[in-house]
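Have a look at the structure below, then the notes.
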Amino acid sequence: MESKSEIVLARVTRLCNFLNSVRGTDKVLMLVQYLSKILIWRLSRDKANAALVSRISNLASPISDCRVLLRYYGLLPLVQWILVSELHPPPTLFLRFLYRVQNLCNLAYYPLEHVYWLALHKVIPITEKTRDRIGIWSCRFWAAYVILYFVQLFEERRLLLIRERALVKAKAGNEKVDISKIEQGFAEINEEKKSLILNTVINAAYFPLTIHWSLENSPFPEIGVGVCGTVAALLQIYTTWKTV
């Protein structure tokens with residue numbers, strides 16, 4: 001039986017592993033960034049909080065910059081994923097098509113966002129109008145990816161239901177089957193269902209954000225941005241935590 005000290009050490013080690021990963025650090029910063037928007041919205045209702053609102057804004061701005069810098073690393077995992085998806089393609093031609101179009105969207109999104117950020121900070125000489133157009137188009141490619149991911153999730157659900165029906169049929173049939181393997185199959189399907197639900201909610205939280213930043217004059221309120229971003233951050237912290 002583990003001692004309390006060993007349990008604490010295991011939890012601290014897991015937390016360190018989580019924060020040492022780029023994804024873990026990014027999602028914690030994302031949570032702070034979007035919670036800040038909710039706090040600013042709430043505090044701005046009282047003029048007496050103007051100084052506090054300013055301080056929170058001063059914190060949120062460099063956090064946003066830090067997250068963009070972390071995404072400079074994102075191109076390398078993207079190339080890795082493209083190679084993996086080509087060498088080990090998904091089970092259907094339709095999913096393979098979706099993967100390829102999603103990859104093309106990301107190959108456009110990342111460099112455009114990087115150029116926008118560099119121009120925003122006067123690292124490269126681009127006019128403000130051109131810079132803003134680049135930023136909008138980067139978000140449009142991100143929005144396209146999110147829409148395609150909804151289609152991917154729907155297709156994965158369809159394939160999952162086919163597998164589930166096959167297991168139900170095998171279990172109910174008269175043929176000799178290994179019940180332990182059948183039960184294991186059901187357990188795997190249930191886990192995949194949970195993952196599909198989580199990814200669908202995360203994607204649904206991202207969707208209004210991508211549309212918001214894809215428009216020159218978006219009517220989407222700042223509190224909506226804060227809430228959607230917070231939901232996406234919390235769920236991704238949970239999913240990332242499970243992998244470390």
Quiz prompt | side chain to side chain donor-acceptor pair (under 3.5 Å) pairs, two or more places apart, involving residues 123-132 | solution = T127-T130
Quiz item: Quick one: hydrophobic cluster around F154, which other residues, with the 4.5 Å side-chain cut-off, linked directly or via members?
Solution: none
Exercise. Identify, with sequence neighbours excluded, every residue that meets side chain to side chain donor-acceptor pair (under 3.5 Å) alongside E216.
Key: R133
Practice problem: Check which hydrophobic residues are tied to I56 through side-chain heavy-atom contacts below 4.5 Å, counting indirect links as well, and list them. | Solution: L39, I40, L43, L52, V53
Quiz item: For V79, which fellow cluster members are found when Ile, Leu, Val, Met, Phe, Trp and Tyr are connected by side-chain heavy-atom distances below 4.5 angstrom, either directly or through intermediates?
Solution: L83
Practice problem: Among residues two or more places apart or on two chains, list those pairs meeting salt bridge (Lys or Arg N to Asp or Glu O under 4.0 Å) that have a residue in residues 228-239. | Solution: none
Quiz item: Under the side chain to side chain donor-acceptor pair (under 3.5 Å) test, which residues partner T230, sequence neighbours left out?
Solution: none
Quiz item: If you look only at pairs with a residue in residues 225-244, which of them pass as a ring pair (Phe, Tyr, Trp, His ring centres under 6.0 Å), with sequence neighbours excluded?
Solution: F18-W241
Quiz prompt | With sequence neighbours excluded, residues passing side chain to side chain donor-acceptor pair (under 3.5 Å) with H212 | solution = S218
Quiz prompt | Where at least one partner belongs to residues 35-52, residue pairs that pass side chain to side chain donor-acceptor pair (under 3.5 Å), sequence neighbours excluded | solution = K37-E222
Practice problem: Applying side chain to side chain donor-acceptor pair (under 3.5 Å), name anything that partners N106, two or more places apart in sequence or on another chain. | Solution: none
Quiz item: Would you call the rings of F97 and F94 parallel, tilted or perpendicular, where under 30° means parallel and over 60° means perpendicular?
Solution: parallel
Practice problem: Any salt bridge (Lys or Arg N to Asp or Glu O under 4.0 Å) involving residues 182-197? Give me the pairs, sequence neighbours left out, ordered by first then second residue. | Solution: R163-E192, E164-K193, K171-E183, E191-K194
